[in-house]
Amino acid sequence: GSLLFHIGEGDPLAVAIEGAGEACQTKSLAYSIVEGFDSYLWSVSGGEILSGQGTSSVEINWSDEGAGSAEVDFTMGGGCVTSTSLEVMIAPAPVAAITLEGDLLVASEGASYRWFQDQVVIAATTRQIEWVSGATYQVEVTNGAGCSTLYGEISPKVLGLDGSAFKAILYPNPTTDEVNIQLNSLGSGSVVITVRNLAGQLIQSSGFPGNDPPTYRMDLAGYPPANYVLDIQAGVLHTLSRMLQPYLRGVLATLILYR
C-alpha cells in the first residue's frame, strides 16, 4: 500500500504550492507545484478548479468571500503520497451597476472606475459620465480591496423627431423583452405609449399615470424580431419616435434584461 505523510515547513524536501495567497471573489488564478511526480490530486475550499486537475498546475476560480485554501496530494516514487496546502484570503467583489439619470450614466459606488464606450476604454474615471445616443457603455467598478466587477452593457438612445423639445430615452435598445422609456418632460394627465410595426399595424398600446420622474416600462416579449415605431402622447405633448433597432432574440445575450 501507500504511506501518507506530510512534509512540513523547514524541511529541505518541502514542496510548496506557488500562487497568490490573496484573491478576489469571482476571479480565477493559477496555482502549481513542481513537475515530476507520478500523480496529482487537487482539492479546493472556497472555490472550484476550472482546469488542470491531475497535473502539476491548476486554474482556480475563487467564489466564496473569506478564508479559502488549495491542497494537492502528489505521489512520489515508491507510491508514497504527500500533501501540501496553501491558505488563500478571498476579498469580496464589488457590486457593479449603471443607473440612467437624465443625461448621465451613474455607476454603483466604488473606489475607482473604468468606463468603456463601444467596448473601447475611454478617459473618464469618475463615477458618472455623460452619454452619447446610440453608443454602448460598460463600467468596471473597483473596490478598496482592489477587486473589480465589470457591468454588462447599456445602450441609451434619444428618440424623437429632430428639433422636437419632447424626447424620450429608450433602454436597452435593442432588447429581447422589456424596454424602459424615460421622458425628458411631461405634460398634464396620463401618458399613452403605442407601438406599431412598419406597416402601421398596432402592436401594443398602454396607458400610464403621470410619473415623477416620467419613466415607464413596456413588455414586448413574444413579439417577432422586427423594427418598430414608438408613438408617445403625454397631455399636449406628442412625439413619434425613430424606429427601434431590430429585435434579435437569442443573439444579443449581453444586453441588460429586465424581468
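The chain is numbered in sequence order, starting from 1.
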*Return yes if some donor-acceptor pair links the side-chain N/O of N143 with the main-chain N/O of A111 below 3.5 Å, else return no.*
no
_Heavy atoms from other residues, nucleotides or ligands near CD of E18 exceed 12 (cutoff 6.0 Å)_ = no
*Report yes or no: do I122 and W131 belong to one cluster of Ile/Leu/Val/Met/Phe/Trp/Tyr joined by side chain heavy-atom distances under 4.5 Å?*
yes
*Which atom names give the shortest non-hydrogen contact between A20 and L29, and what distance separates them?*
CB-CD1, 4.1 Å
_Spatial distance of atom CD1 (I203) from atom CE (M218) [nearest 0.5 Å]_ = 10.5 Å
*Please, which pairs that meet side chain to side chain donor-acceptor pair (under 3.5 Å) have at least one residue in residues 32-52, sequence neighbours excluded?*
S39-T75
*Can you name the nearest heavy-atom pair linking L86 to G19, along with the distance?*
CD2-O, 3.8 Å
_Y137 OH to F116 CZ distance, which is reported to the nearest 0.5 Å_ = 14.0 Å
*List, by chain and number, the other hydrophobic cluster members for L104, where Ile, Leu, Val, Met, Phe, Trp and Tyr join if side-chain heavy atoms come within less than 4.5 Å, directly or indirectly.*
V106
*Under 3.5 Å: donor-acceptor pair, side chain of Q117, backbone of Q138*: no
*Is there side-chain contact between Y151 and V141, with at least one heavy-atom pair below 4.5 Å?*
no
_Check against side chain to side chain contact (heavy atoms under 4.5 Å, CB included), E178 and L220_ = CA-CA 6 Å; E178 292 187 343; L220 302 177; over 6 Å; no
*Test side chain to side chain contact (heavy atoms under 4.5 Å, CB included) applied to I33 and V72, step by step*: CA-CA 9 Å; I33 65 171; V72 59; 4.0 Å; yes
*Which residue pairs pass the side chain to side chain donor-acceptor pair (under 3.5 Å) test with at least one member in residues 58-69, sequence neighbours excluded?*
S28-N61, Y31-W62
*T99 vs L105, side chain to side chain contact (heavy atoms under 4.5 Å, CB included): CA-CA, chis, key distance, verdict*: CA-CA 6 Å; T99 303; L105 295 178; over 6 Å; no
*Using 30° and 60° as the class limits, which term best fits the ring planes of F37 and F74: parallel, tilted or perpendicular?*
tilted
*Using side chain to side chain contact (heavy atoms under 4.5 Å, CB included) as the criterion, list what pairs up with A16, not counting sequence neighbours.*
none
*So, does T149 use its side chain to make a donor-acceptor pair with the main chain of P94 at under 3.5 Å?*
yes
*Does a side-chain heavy-atom distance below 4.5 Å link T82 with V15?*
no
*Could you walk me through whether I60 and L50 pass the side chain to side chain contact (heavy atoms under 4.5 Å, CB included) check?*
CA-CA 6 Å; I60 299 173; L50 299 181; over 6 Å; no
*Mind checking whether I129 and V132 sit in one hydrophobic cluster, side chains of I, L, V, M, F, W, Y counted as touching below 4.5 Å?*
yes
*Contact summary for S108 and A96, nearest pair of heavy atoms*: OG-CA, 3.2 Å
_Just verifying a value: how many Å separate E22 CD and I90 CD1, rounded to the nearest 0.5 Å?_
11.5 Å
*Kindly work out whether a path of hydrophobic side-chain contacts (I/L/V/M/F/W/Y, heavy atoms less than 4.5 Å apart) joins M89 to V44.*
no
*Nearest 0.5 Å, what's the OG1-CG distance between T55 and L41?*
11.5 Å
_Minimal non-hydrogen separation, A23 against V88, with atom names_ = CB-CG1, 3.9 Å
*How would you list all residue pairs meeting salt bridge (charged side-chain N to carboxylate O under 4.0 Å, His left out) that involve residues 82-93, not counting sequence neighbours?*
none
*From I193 CD1 over to S205 OG, what is the distance, rounded to the nearest 0.5 angstrom?*
9.0 Å
*Taking every non-hydrogen atom, the tightest pair across Q25 and A93*: OE1-N, 3.1 Å
_Single-linkage hydrophobic cluster V139~V120, side-chain heavy atoms < 4.5 angstrom_ = no
*Going by the salt bridge (charged side-chain N to carboxylate O under 4.0 Å, His left out) test, which pairs reach into residues 112-139, not counting sequence neighbours?*
R114-E140
